[in-house]
Structure formats: structure tokens, C-alpha cells
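A short write-up of the structure that comes next.
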Amino acid sequence: MFNVTEDIFYIGVDDTDLDLFEGQYAVPNGISYNSYICIDKKIAVFDTVDKRKTCEWLKNLECVLNGSKPDYLIISHVEPDHAASIPAFTEKYPSAVLVGNEKTFAMIKRFFGEVTSEMLIVKEGDTLDLGKHKLTFAFAPMVHWPEVMLCYDTSEKILFSADAFGKFGALSHEEDWLDEARRYYINIVGKYGVPVQSVLKKAAALDIKTICPLHGPVLKDDIGYYLGKYDIWSSYRPEDDGVLIVCASVYGNTASAAEKLFDELKSRSVKSEILDLSRCDGAYAVASAFRYSKLVIASITYDGGIMPCAEAFINKLKAKNFSNRTVGFIQNGSWAPAAAKIMRTAFESFKSVLFCDVTVTVNSALDKKAEEQITALATELTKF
């Protein structure tokens, strides 16, 4: 627990025992489930936490309440990592009014059954007067669920941003915001760039001093930096002019070709990164592909197709609307190389993707011809 401001407290909890967030994203540094409370003439709680941490959260809540009772529970997002403790809250504080929109309560009913507490259904632009604090509601449908809404405290200039601006990692683990925020955004919210752009337009009309997300740290310094990153990510623009090389290799020959390209680019002072798709975190690989302006995929020809990890990577890029990038290929095939053609066909269904003219073909192991192609591909990537 800590003070966000004099009247607003963080009462969320860390979960450092969770290995996979949403059953698929590795969280070696855990995750935070964020919840807040505003102490005013009327007391408002902002969201609950995952059922894994209900008891700890209720203790935090009781500590700040110090014998008082909450008047409102504002529900910005019904996903269970934020809403699963609503039944425990309503049992303990039956007089509290639940605040949400029509879709909020329809979804709560599906998850938790009939709502017995009093409900306050709000619409876009509605306000809730707590006393000193005046809360205004702004809807954010499909960022990243249809019922999501944001809440802006006009007196403290705080945006309660639901899942927007969150990141992986428990608050007890200190780390830079950017990498884990990028991995979080691209993999969880990334498909919904257009709705995020709509929310950013709403945010631009607000004087925001603090952002209180549902995961990750409270953001106070240089709010424009965080808004700027979300603008880049949601408009599918590259963050960095550089090359991500990913490889899917069996005996190391395809990896050797990828490494040679990486070394060639490094020698030309081109910003680049290389990842082994068989071993690296898939969500990190996808986020890194969105980071850079160019992507090179190196894969063997496998069962007449491509390496399964390379296929999964490409499918995930498509699901997240990967676009506005230049893509090149390295293929390996001992007798019938077909990986490059298969990969290019997959990317032809993507929006605004350019292809390198040079394709590197490795026949089993690197030879002089393949090395010359790698040099030519590096030259082409440098010119873009």
C-alpha cells in the first residue's frame, strides 16, 4: 500500500507465484493486480483483484478504510484478474453501490451470477461527485474488452486507465517500464490499434498528471512519453529503425546464416537484434518484431513447410495486425528449399508489408554463394 496522493491510496497486490499470465505469457517477475481507493465525503474503490489475492486485498482495503465503509466500487474492467473479488467485496460491504456501464453488469452476471448490490449505470461523460473529487467516465470499448471504461479525477488530474498503460512485472520488482510494457501491449492489446487511437484522442483533451493502470506502476513523470509510446504502438509504426532477425534452426546451419547477417549488419552500424524462435519467449519475439522497422525470418524447410515455431510466430504477428514493415527471408533446404516461398505467401496477406528483393538460400550448410547473398541482403536492408 502507498499514497498516490493525499486522498488516493494504492491497495493492490503483487502476485509473484504466477508463472503464466492469461495462461500463456511468461511472467518471471510476477504481475501486479492494481486497485485504488479515494477517501472523500463519499469513499470510492477502483476495481478489485484476482481471486488468487482476494484475502490480501481485503486486508489492504480494511487498513485504509480504518473502520469506514466504502460507498462505491467502480468497475472499469470485468476481466477476472480485476473483477473476481467483486463477490467477496459485496458480501463484506453490501451497502456499497457498484458503478459500471450496461455491458459491465451484463458481463458480471455471466461470470458471477445475479448482482444483488445496488447498481449505478453510467454513460459516456457522466460524473460522480465524491466531494472534493469529481469523477468523469469515458468509455474505451475494445481496449481490450467491450465494457472497458476509464475514469478521470478532475480535481487531482488522475486517469484511472483500466488495462491501458500497464505492464508485466510485480511492483516489488524494480525494472524499466518500456520493455515489459511493450510486451504487454503488443500481445494483449495490440490487435485493437484503432480503438486505442480513439482513446488517445479522448486523453489528449484531458490534463493528465498521473496515470493509474490496473497492472504495473503508477505513472507520474513525463506523461507525454507514455502517451507517445501508445500512439506509436497503436498506429503500427516502428519504434526503432533497425532489423530484428529471428531464426528457426535444427542443426545450426540456418542459425549460422542468421548470425552472419547479424554480424554483417552490426559491422555497418545498423541497429539489430537476433532471436532463436525455438528458445526465446514467443511474446517477446512478437513485441520485438513490432519494435523494429525491418524483420528477417530464417527457417528451414520442414515437412514441406516451415519450422513450427516460425509458423506460430508468423501467425501471431498476423493476429496482432503486424504491418508497415519491410520483411526479408533466409531459407534452408537440403534438397527442396521451399521455406521462403511459404513465408512470403503468408506475409502477402498482411497490410503494408514490403519485401526484400534478396532471398538467402542455404543448401544444407553455408557456402560462398549463400554468404554472398547474405552480404547482398545486408546491403539492401541498410538502404531502406
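All values reported here derive from a predicted model rather than from experimental measurement.
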| task | Ignoring hydrogens and angles, tell me if any N or O in the side chain of T326 forms a donor-acceptor pair with the backbone of F355 under 3.5 Å. | result | no
| Sub-6.0 Å ring centroid separation between Y226 and F165 | no
| query | Are L275 and V327 linked, directly or through other ILVMFWY residues, by side chains that come within less than 4.5 angstrom of each other? | reply | yes
| task | Please report the C-alpha distance between E264 and K260 in whole Å, then the side-chain angles of each, then the deciding distance to 0.1 Å, and finally whether the salt bridge (charged side-chain N to carboxylate O under 4.0 Å, His left out) criterion is met. | result | CA-CA 6 Å; E264 184 70 30; K260 185 169 182 59; 5.5 Å; no
| message | Within the structure provided, determine whether V360 and L261 are in side-chain contact (heavy-atom separation under 4.5 Å). | response | no
| query | For the residue pair I37 and I39, what are the closest heavy atoms and their distance? | reply | CD1-CD1, 3.8 Å
| field | CD (E348) with more than 12 external heavy atoms under 6.0 Å | value | yes
| query | Would you call the rings of W145 and F111 parallel, tilted or perpendicular if under 30° counts as parallel and over 60° as perpendicular? | reply | parallel
| message | Please give me the minimum heavy-atom distance between Y230 and G166, naming the atom from each residue. | response | OH-N, 3.9 Å
| Heavy-atom count around K202 NZ within 6.0 Å, excluding the residue itself: above 12? | yes
| field | Y93 and L65, any side-chain heavy atoms less than 4.5 Å apart | value | yes
| request: Answer with yes or no whether the side chains of S364 and S334 bring together a donor and an acceptor at under 3.5 Å. | output: yes
| field | Side-chain (S272) to main-chain (L244) donor-acceptor, under 3.5 angstrom | value | no
| Side chain of T5, backbone of I8: donor and acceptor closer than 3.5 Å? | yes
| Option among L128, T154, D126 that satisfies the side-chain contact (heavy atoms from CB on, under 4.5 Å) test with T136 | T154
| So, do D15 and F21 sit near enough that their side-chain heavy atoms are less than 4.5 Å apart? | no
| request: Might you confirm whether atom CD of Q24 has over 12 heavy atoms from other residues, nucleotides or ligands at distances under 6.0 Å? | output: yes
| Would you say R325's side chain and Y292's backbone share a donor-acceptor pair under 3.5 angstrom? | yes
| query | Which distance, rounded to the nearest 0.5 Å, do you find between the CG of L18 and the NZ of K53? | reply | 9.5 Å
| Between S234 and Q197: side-chain donor-acceptor atoms closer than 3.5 Å | yes
| When you look at L171 and Y10, which way does the side-chain contact (heavy atoms from CB on, under 4.5 Å) test go after all the steps? | CA-CA 11 Å; L171 297 192; Y10 175 90; 3.5 Å; yes
| request: To the nearest 0.5 Å, tell me how far W335 CH2 sits from T301 OG1. | output: 9.0 Å
| request: Spell out, yes or no, whether L366 and M307 are grouped together once hydrophobic residues are joined by side-chain heavy atoms under 4.5 Å, including indirect joins. | output: no
| field | Shared hydrophobic cluster for V115 and F112 (ILVMFWY, side-chain gaps under 4.5 Å) | value | yes
| Looking just at side-chain N and O atoms, do K69 and S95 make a donor-acceptor pair shorter than 3.5 Å? | no
| task | Specify the closest pair of heavy atoms between W57 and I11, including all atoms of both residues, with the distance to one decimal. | result | CD1-O, 3.2 Å
| Side-chain touch F322/Y236, heavy atoms, less than 4.5 angstrom | no
| message | Could you tell me if the side chain of F160 sits less than 4.5 Å from the side chain of D47, heavy atoms only? | response | no
| Test side-chain contact (heavy atoms from CB on, under 4.5 Å) applied to C38 and F46, step by step | CA-CA 8 Å; C38 178; F46 297 81; 3.9 Å; yes
| note | To the nearest 0.5 Å, atom CD of E311 lies from atom CD1 of I297 at 11.5 Å
| query | Any donor-acceptor pair under 3.5 Å linking the side chain of S32 with the backbone of V13? | reply | no
| query | Salt bridge between K41 and D71, side-chain N to carboxylate O under 4.0 Å? | reply | no
| message | Taking V243 as the starting point, is it possible to reach V286 by hopping between hydrophobic residues whose side chains are less than 4.5 Å apart? | response | no
| task | Nearest 0.5 Å please: distance from the NZ atom of K132 over to the CG atom of D129. | result | 13.0 Å
| Heavy-atom closest contact (I342 atom, G305 atom, distance) | CD1-CA, 3.4 Å
| message | When you compare the side chain of R183 with that of D281, does any pair of heavy atoms fall below 4.5 Å? | response | yes
| message | Is it true that, when you exclude K318 itself, more than 12 heavy atoms of the residues, nucleotides or ligands shown sit nearer than 6.0 Å to its NZ? | response | no
| request: Could you walk me through whether D17 and R52 pass the salt bridge (charged side-chain N to carboxylate O under 4.0 Å, His left out) test, one step at a time? | output: CA-CA 10 Å; D17 298 320; R52 294 166 56 91; 5.2 Å; no
| task | Without swapping roles, check the side chain of Y25 against the backbone of N187 for a donor-acceptor pair under 3.5 Å. | result | yes
| Any chance the side chains of R182 and S288 put a donor and an acceptor closer than 3.5 Å? | no
| query | In terms of heavy-atom contacts, does CG of D221 have more than 12 from other residues, nucleotides or ligands at under 6.0 Å? | reply | no
| Can you get from L200 to V194 by hopping between Ile, Leu, Val, Met, Phe, Trp and Tyr side chains that sit under 4.5 Å apart? | no
| field | Check: I158 main-chain N/O paired with D153 side-chain donor or acceptor under 3.5 Å | value | no
| K51, NZ atom: more than 12 neighbouring heavy atoms under 6.0 Å | no
| Any donor-acceptor N/O pair, E124 side chain to F139 backbone, under 3.5 Å | yes
| request: Determine, step by step, whether L381 and R268 satisfy the side-chain contact (heavy atoms from CB on, under 4.5 Å) criterion, reporting the C-alpha distance in whole Å, the side-chain angles of both residues, the deciding distance to 0.1 Å, and the verdict. | output: CA-CA 11 Å; L381 289 166; R268 302 175 188 218; over 6 Å; no
| request: Establish, from distance only, whether the side-chain atoms of N253 and S256 form a donor-acceptor pair under 3.5 Å. | output: no
| message | For a 4.5 angstrom cut-off between non-hydrogen side-chain atoms, does S76 reach L150? | response | no
| said: If I compare all heavy atoms of V362 with all of A370, which pair ends up nearest, and what's the gap? | reply: CG2-CB, 4.3 Å
| T254 to S299 - nearest heavy-atom pair and separation | CG2-N, 3.8 Å
| query | Do N34 and H82 have side-chain heavy atoms sitting under 4.5 Å apart? | reply | no
| Say you draw a straight line from CG of L73 to OG1 of T48; how long is it, rounded to the nearest 0.5 Å? | 6.5 Å
| Trace of the side-chain contact (heavy atoms from CB on, under 4.5 Å) decision for F329 with F347 | CA-CA 11 Å; F329 306 107; F347 275 98; 4.0 Å; yes
| Okay, side chain of D19, backbone of P28: is any donor-acceptor separation there less than 3.5 Å? | no
| Out of curiosity, E372 CD to K369 NZ, how far, rounded to the nearest 0.5 Å? | 9.5 Å
| query | For D207, does its backbone N or O pair with a side-chain atom of Y152 as donor and acceptor, under 3.5 Å? | reply | yes
| How about H144 and D163: does a side-chain donor come under 3.5 Å of a side-chain acceptor? | yes
| message | Around atom OH of Y251, are there more than 12 heavy atoms from other residues, nucleotides or ligands closer than 6.0 Å? | response | no
| request: Tell me, yes or no, whether the heavy-atom count around Y302 atom OH, taken from other residues, nucleotides or ligands under 6.0 Å, exceeds 12. | output: no
